[in-house]
Number of protein chains: 2
Amino acid sequence: MYRTHSNGELSASNIDQEVTLSGWVQKIRNKGFMIWVDLRDRYGITQLIFDEERTAKAVMEIASKLGREFVIQVHGKVIERESKNPNMVTGDIEILVSEVIILNQSLTPPFTIEDETDGGEDLRMKYRYLDIRRKPVRENLIFRHKVTMAVRNYLSEKGFVEVETPYLIKSTPEGARDFVVPSRMNEGQFYALPQSPQTFKQLLMVGGMDKYFQIVKCFRDEDLRADRQPEFTQIDCEMAFVEQEDILNTFEGLTRHLIKEIKNIELAEFPRMTYDDAMKRYGNDKPDIRFGMEFGELNAVAQHKEFNVFNQAELVVGIAVPGGNSYTRKEIDKLIDWVRRPQVGALGMVYSRCNDDGSYKSSVDKFYDQDDLAKWAEVTGAQKGDLICVLSGDKNKVRAQLSALRMELAERLGLRKADEFAPLWVIDFPLLEWDEDSKRYHAMHHPFTSPKPGQLELLETKPGEVKANAYDLVLNGNEIGGGSIRIHDKKTQAMMFDYLGFTPEEAKAQFGFLMDAFQYGAPPHGGIAFGLDRLTAILGGQETIRDFIAFPKNNAGRDVMIDAPAPIDKAQLKELKLKLDL
Amino acid sequence: MYRTHSNGELSASNIDQEVTLSGWVQKIRNKGFMIWVDLRDRYGITQLIFDEERTAKAVMEIASKLGREFVIQVHGKVIERESKNPNMVTGDIEILVSEVIILNQSLTPPFTIEDETDGGEDLRMKYRYLDIRRKPVRENLIFRHKVTMAVRNYLSEKGFVEVETPYLIKSTPEGARDFVVPSRMNEGQFYALPQSPQTFKQLLMVGGMDKYFQIVKCFRDEDLRADRQPEFTQIDCEMAFVEQEDILNTFEGLTRHLIKEIKNIELAEFPRMTYDDAMKRYGNDKPDIRFGMEFGELNAVAQHKEFNVFNQAELVVGIAVPGGNSYTRKEIDKLIDWVRRPQVGALGMVYSRCNDDGSYKSSVDKFYDQDDLAKWAEVTGAQKGDLICVLSGDKNKVRAQLSALRMELAERLGLRKADEFAPLWVIDFPLLEWDEDSKRYHAMHHPFTSPKPGQLELLETKPGEVKANAYDLVLNGNEIGGGSIRIHDKKTQAMMFDYLGFTPEEAKAQFGFLMDAFQYGAPPHGGIAFGLDRLTAILGGQETIRDFIAFPKNNAGRDVMIDAPAPIDKAQLKELKLKLDL
């Protein structure tokens with residue numbers, strides 16, 4: 001037996017016991033006559049002591065040769081420590097070692113295995129197995145496990161059945177983002193890896209499974225933005241015989257349970273906001289409502305004056321920055337530079353200081369008097385001491401710009417607190433979204449998303465205004481889940497395909513087996529999918545999903561530890577009946 | 001709301017309640033003035049009644065138009081049923097329907113949606129979503145969910161952490177069975193889908209994760225035998241600082257818990273048998289020990305007589321078939337034909353009848369007298385009324401042949417009971433296995449499997465006799481799990497690679513990142529992997545894993561429902577920098 005205890009459990013109550021421990025050498029202090037070693041495993045750190053007065057010479061000798069990250073097994077007695085460490089479970093004791101075995105040596109690790117390491121991102125990724133030895137990374141992975149267990153147990157208790165759907169599926173004609181897998185047994189043919197189990201979960205509903213979920217890997221061969229992965233994990237869910245209200249209640253329940261279970265925070269009922277409202281009030285379909293700084297639309301009070309920039313704008317909109325009047329002129333100039341960065345794209349920013357004496361001082365005093373500015377303050381909800389920031393221009397663009405500014409300022413003001421959780425249902429998403437490239441409308445969610453009752457008639461006249469039974473769950477400014485009620489009747493489905501410009505042949509090629517299935521009694525159904533990587537990161541109070549994935553890939557889709565992807569043998573290509581065409 | 005209750009819950013206690021139900025039309029009995037409909041969902045069946053004396057005419061009219069598998073919603077009153085069905089939860093009641101809505105129509109399904117269906121395998125696979133509506137299939141999937149939940153909760157409580165390992169990994173130079181995935185972002189390069197997370201779980205041990213598990217899809221692009229799938233699910237486990245004994249105890253605990261939880265059967269301690277013993281006693285490394293019929297080796301008592309067939313054989317071995325003396329001559333001749341089938345491959349079979357009067361009658365009476373045959377009976381444990389079946393020839397071949405006969409006879413005799421569970425650890429597997437093609441030894445498990453202490457020296461002299469710290473868990477004659485203690489020290493690993501004929505370059509190319517990792521303090525570790533598909537089928541008392549997979553593929557690796565794999569667009573190939581080379 002390699003150990004009687006872990007390195008995280010011995011305390012004063014074990015004093016005088018003989019124990020065997022195993023683990024990694026975290027730290028060595030060698031004073032010659034006395035050697036202290038911190039022995040580490042997943043569970044904690046225990047201090048070992050080798051003392052020439054009490055330890056056999058042969059053992060002292062081995063101890064003197066230990067190096068960082070050596071794997072050792074020791075036998076010894078639990079004794080009281082002289083200088084206790086109240087911050088550690090094992091801080092009251094140490095082990096007086098009588099035997100030591102070096103189970104494995106270690107080269108000097110390329111970075112320190114400490115909570116704060118000297119290793120950069122690239123090095124840590126290359127040696128991810130060493131990075132995982134670091135407590136923060138290990139704890140993230142354990143945290144992820146706890147989240148998935150809580151999700152599974154909750155859904156299972158609610159009658160959901162986890163069903164594994166296939167990974168080797170079929171590429172769709174427009175599946176530009178599909179990873180494909182050549183088949184050796186079916187020459188010249190390919191499987192595709194699923195971007196999501198969407199069609200299979202709908203087939204399970206047709207199959208009467210009633211309540212389905214799956215925690216499942218999904219794949220997308222797309223250019224990776226900063227924090228995306230080519231393989232990612234979804235909590236995928238679907239229910240039959242439900243309306244939107246049933247889905248929202250069920251998964252609000254899941255989320256509330258999760259945050260209670262994992263963070264011990266009791267959340268109130270989740271607020272709901274329409275997509276239109278979210279865009280109007282926050283310029284964003286996933287608003288962070290941990291803080292205020294709501295948009296105030298100023299067209300009525302700021303237009304029709306002499307200021308042409310505003311007069312010509314589709315939208316003039318501002319936010320009140322709490323305490324922002326304390327910014328110096330230089331700081332405000334920097335803020336203007338910030339909104340002018342290409343990533344934000346504003347042409348400029350107008351501001352108005354709200355002085356403590358109730359007066360205002362704006363960058364456009366030439367055009368607006370105190371009464372005008374008082375109205376700005378009223379509309380944006382600005383108080384004495386605040387700064388009103390105003391952007392103007394094309395409605396959609398200016399909303400995105402002001403939303404970016406709002407988030408940036410909130411971050412600077414410390415309003416985005418990691419331990420605060422503000423969920424929000426965003427509902428009534430548009431059914432369609434305009435695509436500039438193809439100059440037509442596309443399904444915003446997917447072509448099976450059902451329109452709101454009675455809105456289908458708008459398709460011909462005001463397609464952009466048709467609302468869908470589609471919803472997102474937003475947490476702290478991140479979309480953590482999204483879904484919809486699906487179309488389940490043939491007539492509506494045919495109308496949708498027709499409107500989206502599919503010929504019956506195209507619809508059949510892309511969605512044939514699902515449409516076939518729908519002929520045999522599809523129940524009303526709907527669902528939702530959560531991004532587990534993001535959800536876990538947010539619950540863990542962190543930003544980067546990569547920190548919650550055991551072996552992540554970099555921005556080029558590469559696993560730098562195993563050096564994948566990589567060229568393959570000619571023989572292997574030949575077997576697959578493929579040639580490179582570089 | 002589509003329903004107030006499911007179709008499996010209403011009983012006499014609900015009489016007089018107004019309820020809303022939804023589901024599929026299972027069966028219709030239309031007597032004109034009265035119509036009965038069985039309404040089905042995942043939870044059960046509820047009988048609806050439409051009665052022209054009590055039901056509005058418009059409702060009667062809709063009811064008369066219903067067809068099988070229509071999806072309907074009804075509102076009505078729970079009433080007592082006249083002819084009660086005590087076999088159904090809902091058998092005491094029926095619903096007197098006051099409103100009915102057809103939620104969806106259905107074409108006539110291609111096979112009946114009943115426990116016993118008229119649909120053949122192919123048809124059921126093509127319309128798998130309809131097959132899943134059948135109770136036996138649905139119950140299998142729900143059963144699988146229960147098994148995975150029980151596994152996850154047990155392991156989680158024991159301190160195991162489920163860690164997701166990547167699906168897009170690296171193909172190894174000898175990875176003939178790898179499915180590969182071309183990368184668009186890394187032109188001319190490929191990922192591979194994992195055959196198992198073996199190296200990653202070992203890296204997690206190097207990373208100090210200590211106890212890991214994962215229920216995970218694995219992929220193998222090999223010719224599919226009858227009951228194999230290109231994608232299959234493993235319960236993959238690994239532990240650090242363990243010896244074989246720790247692994248056996250831990251996963252015996254899991255298996256015992258599972259069978260208790262799922263089948264309510266309390267199993268005793270699992271017997272253990274060496275590989276050598278299993279081969280000797282059952283001719284098989286995964287013996288079914290639900291029944292006896294152990295091998296009796298007859299060389300000592302049957303050789304050195306006049307019967308040259310036996311004299312020239314490496315092994316003469318028999319089994320006693322309980323009650324087999326009742327077989328007619330014709331039946332025995334058929335048995336001889338059976339062992340001569342190419343799939344079994346025996347040249348012939350000798351038998352001896354054990355008569356009720358204590359005498360024997362054998363097919364080789366010319367060479368053996370009653371005393372000889374009495375010894376055969378003694379060695380094989382045959383009783384009065386049994387039949388002794390004897391095969392002879394090359395040791396390995398004859399063992400396989402007699403094992404096949406043993407299983408066949410046990411099946412015929414009803415000794416392989418689906419509700420009986422006989423687990424067995426088979427231990428001390430050989431480290432190496434002779435490969436006739438390459439005329440050398442290969443690692444039986446994989447090259448990281450550790451030899452038994454002190455046996456490494458035999459590598460040069462008697463390589464076939466070196467035993468490994470490798471073990472299989474066998475249940476009812478099926479290998480449900482297998483694993484090993486891994487080599488964790490560089491010296492042994494180098495010896496192994498050298499012996500297996502890897503040059504250092506080859507070893508580096510195939511196992512480079514794992515060998516790199518092993519330089520930084522790998523702990524002693526070992527693990528096991530269970531085949532979830534098989535395990536679930538056996539626990540479910542069935543033979544075919546396909547029945548426990550929601551969307552299985554056929555023997556050609558095809559999903560006939562979605563028609564995958566399939567050709568892909570030229571444009572898609574071009575983007576991947578690939579050309580077909582048929």
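Residue numbers start from 1 in every chain, and the chains themselves are labelled A, B, ... in the order their sequence lines are given, proteins ahead of strands.
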Counting heavy-atom pairs under 4.5 Å with chain B, the top scorer among Leu580(A), Asp41(A), Asp210(A), Val25(A) is Asp210(A)
Could you tell me whether the side chain of Arg184(B) and the main chain of Phe179(A) form a donor-acceptor pair under 3.5 Å? no
Chain B contact via Gln105(A) - which portion, at a heavy-atom distance below 4.5 Å: backbone
What orientation do Tyr520(A) and Tyr129(B) show, parallel under 30°, tilted 30 to 60°, or perpendicular over 60°? tilted
Lys170(A) to Ile562(B) - nearest heavy-atom pair and separation: CD-O, 3.0 Å
Given Ile72(A), Asp489(A), Thr165(A), Asn153(A), the one with more heavy-atom pairs under 4.5 angstrom with chain B than any other is Asn153(A)
Please flag which part of Asp563(A) lies under 4.5 Å from any non-hydrogen atom of chain B: side chain, backbone, both or neither. both
In terms of heavy-atom pairs under 4.5 Å, which option from Glu187(A), Met1(A), Glu245(A), Glu164(A) contacts chain B the most? Glu164(A)
With a 4.5 angstrom heavy-atom cut-off, is it the side chain or the backbone of Leu193(A) that approaches chain B, or both, or neither? side chain
Any idea which of Pro166(A), Pro567(A), Ala564(A), Ser22(A) has the most non-hydrogen atom pairs under 4.5 angstrom with chain B? Pro166(A)
Evaluate Phe513(A) against Arg128(B) for side-chain contact (heavy atoms from CB on, under 4.5 Å), listing each step before the verdict. CA-CA 11 Å; Phe513(A) 57 94; Arg128(B) 184 64 164 176; over 6 Å; no
Smallest separation among heavy atoms of Gln189(A) and Pro565(B), with atom names: OE1-O, 2.7 Å
Looking only at Lys574(B), Glu69(B), Gln73(B), Glu243(B), most heavy-atom pairs under 4.5 Å shared with chain A are made by Glu243(B)
The interface call for Ala571(A) against chain B, heavy-atom contacts under 4.5 Å, is neither
Minimum heavy-atom distance between Asn186(B) and Arg558(A), given as atom pair plus value: OD1-NH1, 3.1 Å
For Phe70(A), is it the side chain, the backbone, both, or neither that has a heavy atom closer than 4.5 Å to a heavy atom of chain B? neither
Which value, rounded to the nearest 0.5 Å, describes the distance between Thr20(A) atom OG1 and Phe241(B) atom CZ? 13.0 Å
Take Arg133(A) and Val206(B) through the side-chain contact (heavy atoms from CB on, under 4.5 Å) test and state the conclusion after the steps. CA-CA 8 Å; Arg133(A) 282 193 198 156; Val206(B) 176; 3.4 Å; yes
Counting heavy-atom pairs under 4.5 angstrom with chain A, the leader among Tyr127(B), Phe518(B), Phe190(B) is Phe190(B)
Using 30° and 60° as the class boundaries, would you call the ring planes of Tyr167(A) and Tyr167(B) parallel, tilted or perpendicular? parallel
Heavy atoms only, distances under 4.5 angstrom: which of Ala550(B), Gly67(B), Pro182(B), Ala240(B) has the most pairs with chain A? Name it, please. Pro182(B)
Is Lys553(B) reaching over with its side chain to a backbone N or O of Leu168(A), donor-acceptor style, under 3.5 angstrom? yes
Can you check whether Pro524(A)'s main-chain N or O pairs, donor with acceptor, with Asn104(B)'s side chain at less than 3.5 Å? no
Given a strict heavy-atom distance threshold of 4.5 Å, which part of Lys211(B) is in contact with chain A: side chain, backbone, both, or neither? both
Stepwise side-chain contact (heavy atoms from CB on, under 4.5 Å) check, His488(B) with Val71(A): CA-CA 11 Å; His488(B) 67 276; Val71(A) 186; over 6 Å; no
I need the Met149(A) CE to Met149(B) CE distance, nearest 0.5 Å. 6.0 Å
Where Leu204(B) and Ile132(A) come nearest, the two heavy atoms and their spacing: CD2-CD1, 3.9 Å
Side chain / backbone / both / neither for Thr199(A) at chain B, heavy atoms under 4.5 Å: neither
Toward chain B, the part of Phe213(A) with a non-hydrogen atom under 4.5 Å: side chain
Look only at the side chain of Arg144(B) and the backbone of Glu162(A), and say whether a donor-acceptor pair between them is shorter than 3.5 Å. no
Looking at Leu103(B), Leu576(B), Ile568(B), which makes the most heavy-atom pairs under 4.5 Å with chain A? Ile568(B)
Nearest heavy atoms of Gly557(B) and Tyr191(A), plus distance in Å: O-OH, 2.5 Å
If you measure from CE on Met561(B) to CG on Leu203(A), what distance do you get to the nearest 0.5 Å? 5.0 Å
Using non-hydrogen atoms and a 4.5 Å limit, figure out which bit of Ile113(A) sits close to chain B: side chain, backbone, both or neither. neither
Heavy-atom pairs under 4.5 Å with chain B, option from Thr233(A), Ile549(A), Asp131(A) with the top count: Thr233(A)
Could you give me the CA-CA distance, side-chain angles and deciding distance for Tyr2(A) and Asp246(B), then say whether side chain to side chain donor-acceptor pair (under 3.5 Å) is met? CA-CA 10 Å; Tyr2(A) 281 104; Asp246(B) 302 304; over 6 Å; no
Under 4.5 Å from any heavy atom of chain B - which part of Val242(A): backbone
Counting heavy-atom pairs under 4.5 angstrom with chain A, the leader among Lys126(B), Arg152(B), Arg68(B) is Arg152(B)
Closest heavy-atom contact between Trp24(B) and Gly521(A)? NE1-O, 2.9 Å
Among Ser6(A), Ser156(A), Pro109(A), Ser183(A), which has the most heavy-atom pairs under 4.5 Å with chain B? Ser156(A)
With a 4.5 angstrom heavy-atom cut-off, is it the side chain or the backbone of Leu155(A) that approaches chain B, or both, or neither? neither
Among Val163(B), Leu130(B), Ile142(B), which has the most heavy-atom pairs under 4.5 Å with chain A? Leu130(B)
Considering only heavy atoms, which portion of Ile102(B) lies under 4.5 Å from any heavy atom of chain A: side chain, backbone, both, or neither? neither
I'd like to know whether Val180(A) forms a side-chain contact (heavy atoms from CB on, under 4.5 Å) with Val181(B), so could you lay out the CA-CA distance, the side-chain angles of the two residues, the decisive distance to 0.1 Å, and finally the verdict. CA-CA 6 Å; Val180(A) 297; Val181(B) 183; over 6 Å; no
What part of Leu573(A) lies closer than 4.5 angstrom to a heavy atom of chain B: side chain, backbone, both or neither? side chain
Do side-chain atoms of Asp559(B) reach the backbone of Ile169(A) as a donor and acceptor pair under 3.5 angstrom? no
Less than 4.5 Å to any heavy atom of chain B: does that hold for the side chain of Phe200(A), its backbone, both, or neither? both
Asp581(B) CG to Asp581(A) CG distance, which is reported to the nearest 0.5 Å: 11.5 Å
For the backbone of Met209(B) and the side chain of Arg42(A), can you confirm whether one donor and one acceptor N or O come within less than 3.5 Å of each other? yes
